[in-house]
Amino acid sequence: MAVKVLVVDDSSFFRRRVSEILEQDSDIKVIDFAVNGQEAVEKAASLRPDVITMDVEMPVLDGISAVKKIMQANPTPILMFSSLTREGASATLDALDAGALDFLPKKFEDIARNSEDAIKSLQNKVKEIGRRRLPRSVSSFTRPSTAKPQVSSPAPSSRASVTQPDRSFQRSSVQPSTSSPVVNKQFKASGKQYKLVAIGTSTGGPVALQTILTQLPANFPHPILLIQHMPAAFTPAFAARLNSLCKIKVKEAEQGDKLLPGVAYLAPGGKQMLVESKGAVKTLRVFEDDSARVTYKPCVDVTFASAAKAYHADVLAIVLTGMGADGRDGARLLKQAGATIWAQDEQTCVVYGMPQAVANAGLSSESLALHDVATRINKEIGC
């Protein structure tokens, strides 16, 4: 059965262009259009689409406000379109906070090397998030306040705390929905010693990373590497936002950064991030990658492989929600070096692609629900 899509944008040209691209795929059917956020809210209720594509800036009701209303009344997988500006990045992160599952730049050529790849990327994202069947009622919760008293580099959003819909509803249709509060499992530490934590993710990653990192203590004893598939214009805003919400420090990685405990380094969009050893000191190499052999920039495989070479067995690597199989080859090298690999479970993934690739290859020792990952890290690390 084809994925039914509602296309929302105030530009008639963009509505037509998105519709043409989507309907090139026989598994996708555009069922209607909306020209503003208020119309999107109304048509989400009456048409019950499988996926909504949503512009951020629109008259009458903007995209972020529309996402909030839709997720409260008729939860639907939503793909945001955003301009590649600092303001656009901030607004897109707000939309993800409100419940949107993923985003793409409005200029399709910015997401791929050529127009054919860009078209496939849009079609695949719509089909992947369209597989999520969200319950028709959602309870919301407020995350515990973890904001720092003072932030040297303010985040793009002015909010001190974040109220979000419960991401536990993002599960496959075979899983029963529940309004019960999430209860973390009791975990036992393995006793293994680590020197680095590395986390790779893609679709659904911004919310997943925020969920995890906001629960880590300020005295976290190791550096953390974050590899999130994200455009270059978005990673500075995302790092700043995480830094304002977390007790640990979060920064966009820069060439020559020394890896320090309690600091998370986010790989810059459009570049690769490698770990290098200079004696006992570990530093980051951040560089432009013009190689046609590497699809993702940043690439989880590339960073994981360098971590295996620099840290050998002393790595805890985690693969979270995302399309494709990035991270599998790097996880294999880490596993061969004696490192520990975990994967997010299918039920709490927005897209069970990257974690599934790692699990199916027999590389992960544990499959964890998103709401358990931070608890499990803290227990394993001894925080």
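Numbers for residues simply follow the sequence, beginning at 1. Only a predicted model underlies this, so the values are computations on that prediction, with no experimental measurement involved.
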*asked:* Taking the side chain as everything from C-beta on, heavy atoms only, tell me whether Leu225 gets closer than 4.5 Å to Leu196.
replied: yes

*Where the side chain of Tyr265 meets the backbone of Leu260, is there a donor-acceptor pair that is under 3.5 Å apart?*
yes

*Give a yes or no on this: more than 12 heavy atoms of other residues, nucleotides or ligands lie within 6.0 Å of atom NZ of Lys251.*
yes

*Counting only heavy atoms not in Glu57, do more than 12 sit closer than 6.0 Å to its CD atom?*
no

*Under 3.5 Å donor-acceptor, Thr92 side chain and Ser82 backbone*: no

*When you measure from the side chain of Gln228 to the backbone N and O of Ala267, does any donor-acceptor pair fall under 3.5 Å?*
no

*Roughly how far apart are Lys188 NZ and Arg376 CZ, rounded to 0.5 Å?*
11.0 Å

*What distance separates Leu216 CG from Ile224 CD1, expressed to the nearest 0.5 Å?*
5.0 Å

*Report the distance from atom CD1 of Ile248 to atom CG of Leu242, rounding to the nearest 0.5 Å.*
8.5 Å

*Measure from NZ or CZ of Lys271 to the centre of the six-membered ring of Phe287 and say whether it is under 6.0 Å with the direction within 45° of the ring axis.*
no

*I would like to know whether His229 and Tyr296 meet ring-ring contact (aromatic ring centres under 6.0 Å, His included); could you show each step before the answer?*
CA-CA 7 Å; His229 296 166; Tyr296 303 106; 4.1 Å; yes

_More than 12 heavy atoms of other residues, nucleotides or ligands under 6.0 Å from NZ of Lys192: yes or no?_
yes

*Quick one: does Thr201's side chain have a donor or acceptor within less than 3.5 Å of a partner on Thr321's backbone?*
yes

_Same cluster or not: Val7 versus Val35, using hydrophobic residues (I, L, V, M, F, W, Y) connected whenever any side-chain heavy atoms lie under 4.5 Å apart?_
no

*Taking 4.0 angstrom as the limit, do Asp25 and Lys127 come out as a salt bridge?*
yes

*If you measure from the Lys or Arg side-chain nitrogens to the Asp or Glu carboxylate oxygens, is any gap between Lys106 and Asp9 under 4.0 Å?*
yes

*Are the side chain of Gln344 and the backbone N or O of Pro355 linked by a donor-acceptor pair below 3.5 Å?*
no

_Taking Glu116 first and then Lys120, would you say they form a salt bridge - that is, a charged N and a carboxylate O separated by under 4.0 Å?_
no

*Could you walk me through whether Thr211 and Gln215 pass the side-chain hydrogen bond (donor to acceptor under 3.5 Å, both in side chains) test, one step at a time?*
CA-CA 7 Å; Thr211 300; Gln215 298 180 64; over 6 Å; no

_To the closest 0.5 Å, what do you measure between CG (Leu226) and CG (Leu320)?_
9.5 Å

*Could you tell me if the ring centre of Phe234 sits under 6.0 Å from that of Phe103?*
yes

*Ignoring hydrogens and angles, tell me if any N or O in the side chain of Ser46 forms a donor-acceptor pair with the backbone of Glu42 under 3.5 Å.*
yes

*Decide yes or no for Gln272 and Lys297: does some side-chain heavy atom of the first lie under 4.5 Å from some side-chain heavy atom of the second?*
yes

*How long is the gap from SG on Cys246 to CZ on Phe220, to the nearest 0.5 Å?*
11.5 Å

*Ion pair check, Lys4 and Asp32, cut-off under 4.0 Å*: no

_Using 30° and 60° as the class boundaries, would you call the ring planes of Phe14 and Phe81 parallel, tilted or perpendicular?_
perpendicular

*Any side-chain heavy atom of Thr53 within less than 4.5 Å of one from Val8?*
no

*I would like to know whether Asn378 and Thr375 meet side-chain hydrogen bond (donor to acceptor under 3.5 Å, both in side chains); could you show each step before the answer?*
CA-CA 5 Å; Asn378 288 334; Thr375 301; 6.0 Å; no

_I'd like to know whether Gln210 forms a side-chain contact (heavy atoms from CB on, under 4.5 Å) with Asp97, so could you lay out the CA-CA distance, the side-chain angles of the two residues, the decisive distance to 0.1 Å, and finally the verdict._
CA-CA 10 Å; Gln210 181 171 310; Asp97 280 351; 3.8 Å; yes

*Considering only NZ, NE, NH1 and NH2 on the basic side and carboxylate oxygens on the acidic side, decide whether Lys68 and Asp62 come within less than 4.0 Å.*
no

*Can you measure from OG (Ser364) to CD1 (Ile341) and round to the nearest 0.5 angstrom?*
8.5 Å

_Using every non-hydrogen atom in the two residues, find where Leu101 and Pro77 come nearest and quote the distance to one decimal._
CD1-CB, 3.8 Å

*Any sub-3.5 Å donor-acceptor pair from Asp301's side-chain atoms to Gly330's backbone N or O?*
yes

*Give a yes or no on whether a salt bridge exists between Lys282 and Glu276, defined as a side-chain N under 4.0 angstrom from a carboxylate O.*
no

*asked:* Check this for me, if you would: do Arg332 and Asp329 make a salt bridge, where the nitrogen-to-carboxylate-oxygen distance has to be below 4.0 angstrom?
replied: yes

